[in-house]
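Beneath this line is the structure, given in structure tokens, with notes to follow.
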2 protein chains.
Amino acid sequence: MAAVKETSTIQENKQYALEKCPVTYAMEKIGGYWKPIILYHLSIGDKRYSEIKKAIPAITEKVLIQHLKQLEADNLVIREALPVVPPHVTYKLSTSGKGLIPVIGAMATWAIEESNGMYSHL
Amino acid sequence: MAAVKETSTIQENKQYALEKCPVTYAMEKIGGYWKPIILYHLSIGDKRYSEIKKAIPAITEKVLIQHLKQLEADNLVIREALPVVPPHVTYKLSTSGKGLIPVIGAMATWAIEESNGMYSHL
DNA sequence: ATTGATACATACTTTGGGGTAAGTACTTGT
DNA sequence: ACAAGTACTTACCCCAAAGTATGTATCAAT
């Protein structure tokens, strides 16, 4: 019967996040479709803006810069801009961002095994 | 200048997924805000529908069942229904789903370290 | 007869994340 | 003078995911 409600929406959820479920906390920072993909490419090595764009052709520039700003605000990536023209901006993982490499790595490993049918024979 | 386009949208992205970025493949299956959270609670142990709901109060029943169906279709969780009344339905990780435990575990570990400021001093 | 519990289903509305398209600043190359 | 390249910004739109609310089947207990 669903009661009436009490608590709902992702925003309100942010409070009790860590206590009950650390994964919820993580999803606040790296949730969404694109962020792990961006982090993956940065885990391979530092990249310029245009290089990230080339590595992920399907992402639009707006969404890319949007997520890069967010990741920077969340202290997961560091933006380094050289004051030259044309601009030269490099993105790299922060210490905290590097802490996510095991997560990204585990995802990549699972994806390869799963797609190879390693789990399919029951 | 954004060219004209060529390829775009998440759907079309599914093709070249694995070759260039295994993480993209993984995101097709466990992407989104709620799925990793659900998988986390199932990684703790098998749970009935109502138990999952209690573990994640902020999720609505519609969204919960919706994701459970999707996870079942993607062969990550197994649904076991006992033909009794009132119904008794248990959800558990499949073999493939268990392969995600390292991913979920790494996320939880990172979340705890990050929230404790372990990465913040620099 | 009504309530309660379980595990959903379904219609309807909303919102914000993502997509499209175009513009900006500054300089180098032709 | 004009195009090209870099790293963005801005305005507008759209749809799918999420939220709201209510309904359903079945039986046991009061």
Side-chain angles (χ1 to χ4, degrees), chain A residues 1-14 24 27-28 30-38 46-73 77-92, chain B residues 1-14 24 27-28 30-38 46-73 77-92:
Chain A
M1 203 171 271
V4 181
K5 148 163 152 174
E6 288 180 359
T7 165
S8 194
T9 76
I10 293 174
Q11 318 314 327
E12 299 174 22
N13 196 20
K14 288 182 182 176
T24 297
M27 292 311 288
E28 307 292 345
I30 61 166
Y33 181 81
W34 295 111
K35 279 184 191 166
I37 297 174
I38 295 170
D46 303 356
K47 282 190 175 56
R48 296 183 63 174
Y49 173 82
S50 56
E51 290 175 321
I52 302 173
K53 179 67 184 71
K54 270 168 211 151
I56 317 174
I59 200 173
T60 64
E61 296 191 39
K62 193 197 81 171
V63 173
L64 175 55
I65 195 71
Q66 189 174 288
H67 282 110
L68 285 172
K69 297 281 182 197
Q70 186 63 53
L71 290 169
E72 195 194 356
V77 307
I78 295 170
R79 193 188 99 113
E80 278 171 352
L82 299 182
V84 297
V85 59
H88 190 285
V89 180
T90 306
Y91 290 92
K92 53 191 288 194
Chain B
M1 205 171 268
V4 181
K5 152 164 150 175
E6 287 178 1
T7 165
S8 196
T9 77
I10 294 173
Q11 318 314 326
E12 298 172 23
N13 197 19
K14 289 182 182 176
T24 297
M27 291 312 288
E28 306 292 344
I30 62 166
Y33 181 81
W34 296 111
K35 280 183 191 166
I37 297 174
I38 295 170
D46 304 356
K47 282 191 176 54
R48 297 184 60 174
Y49 172 83
S50 55
E51 291 175 321
I52 303 174
K53 180 66 183 73
K54 271 167 210 151
I56 317 175
I59 200 173
T60 64
E61 295 192 39
K62 194 197 84 171
V63 173
L64 176 55
I65 195 71
Q66 190 173 288
H67 283 109
L68 285 171
K69 296 282 182 197
Q70 187 62 52
L71 290 168
E72 195 193 356
V77 307
I78 295 170
R79 193 188 98 113
E80 278 171 353
L82 299 182
V84 297
V85 60
H88 190 284
V89 180
T90 305
Y91 290 92
K92 53 191 286 194

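Here is how names work: the chains are called A, B, and so on, in the same order as the sequence lines, proteins then strands, and each is numbered from 1. When reading the values below, keep in mind they use all heavy atoms of this one structure, side chains included, and skip hydrogens, waters and symmetry mates.
If you take NE2 of A:His88 and C1' of C:dA25, they are 18 Å apart, rounded to a whole angstrom. A:Lys62 has its NZ atom 12 Å from the P atom of D:dA11, to the nearest Å. Rounded to whole angstrom, the span from the CD1 atom of B:Ile65 across to the C1' atom of D:dA18 amounts to 16 Å. We find that CD of A:Glu72 is positioned 15 Å from P of D:dA7, with the value rounded to whole Å. At whole-Å resolution of the value, OH in A:Tyr91 and P in D:dT6 are 14 Å apart. Separating the CG atom of B:Leu64 from the P atom of C:dT6 is a distance of 14 Å, rounded to the nearest angstrom. Between B:Trp34 atom CH2 and D:dA18 atom C1' the separation is 10 Å, expressed in whole Å. One atom, CE of B:Met27, and another, P of D:dA17, lie 14 Å apart when rounded to the nearest Å.
B:Val63 comes within 4.0 angstrom of the backbone, heavy atoms only, and of no base. As judged by a 4.0 angstrom heavy-atom cut-off over every strand, B:Lys53 is placed among residues making no nucleic acid contact.
The closest side-chain heavy-atom distance from A:Glu80 to A:Leu82 is not below 4.5 Å. For the pair A:Tyr91 and A:Ile38, the minimum side-chain heavy-atom distance is 4.5 Å or more. Residues A:Tyr49 and A:Leu68 have side chains in contact (heavy-atom distance under 4.5 Å, counting atoms from C-beta outward). Looking at heavy atoms from C-beta onward, A:Ile59 lies out of side-chain contact with A:Ile37 at the 4.5 angstrom threshold. The side-chain heavy atoms of A:Arg79 and A:Val77, taken from C-beta on, include no pair separated by under 4.5 Å.
Comparing C:dA9, D:dT20, D:dT6 against the side chain of B:Lys69 picks out C:dA9 as the nearest. Across D:dC8, C:dC8, D:dA7, the shortest atom-to-atom separation from the side chain of A:Glu61 is found for D:dC8. Closest to the side chain of B:Gln66, out of D:dA7, C:dG18, D:dA18, is D:dA18. Nearest to the side chain of A:His67, among C:dG18, C:dC8, D:dC8, sits C:dG18. Between C:dC26, D:dC8, D:dT6, one nucleotide has an atom nearer to the side chain of A:Pro86 than all others, and that is D:dT6.
At the phosphate of D:dT9, neither OP1 nor OP2 sits under 4.0 Å from any side-chain N or O atom of A:Tyr49. Applying the 4.0 Å criterion to OP1 and OP2 of D:dA7, one finds that A:Arg48 has a side-chain N or O inside that range. Applying the 4.0 Å criterion to OP1 and OP2 of C:dG19, one finds that A:Tyr33 has every side-chain N and O outside that range. Residue B:Arg79 has no polar side-chain atom (N or O) positioned under 4.0 Å from OP1 or OP2 of C:dA7. Of the side-chain N and O atoms in B:Thr60, none sit less than 4.0 angstrom from OP1 or OP2 of D:dA18.
Residue-to-nucleotide proximity on DNA chain C shows that, of B:Leu68 and B:Val85, the 5′-proximal contact is made by B:Val85. Between B:Gly32 and A:Lys54, it is A:Lys54 whose nearest contact on DNA chain D lies nearer the 5' terminus.
Between A:Glu72 atom CD and A:Gln70 atom CD the span is 10.5 Å, to the nearest 0.5 Å.
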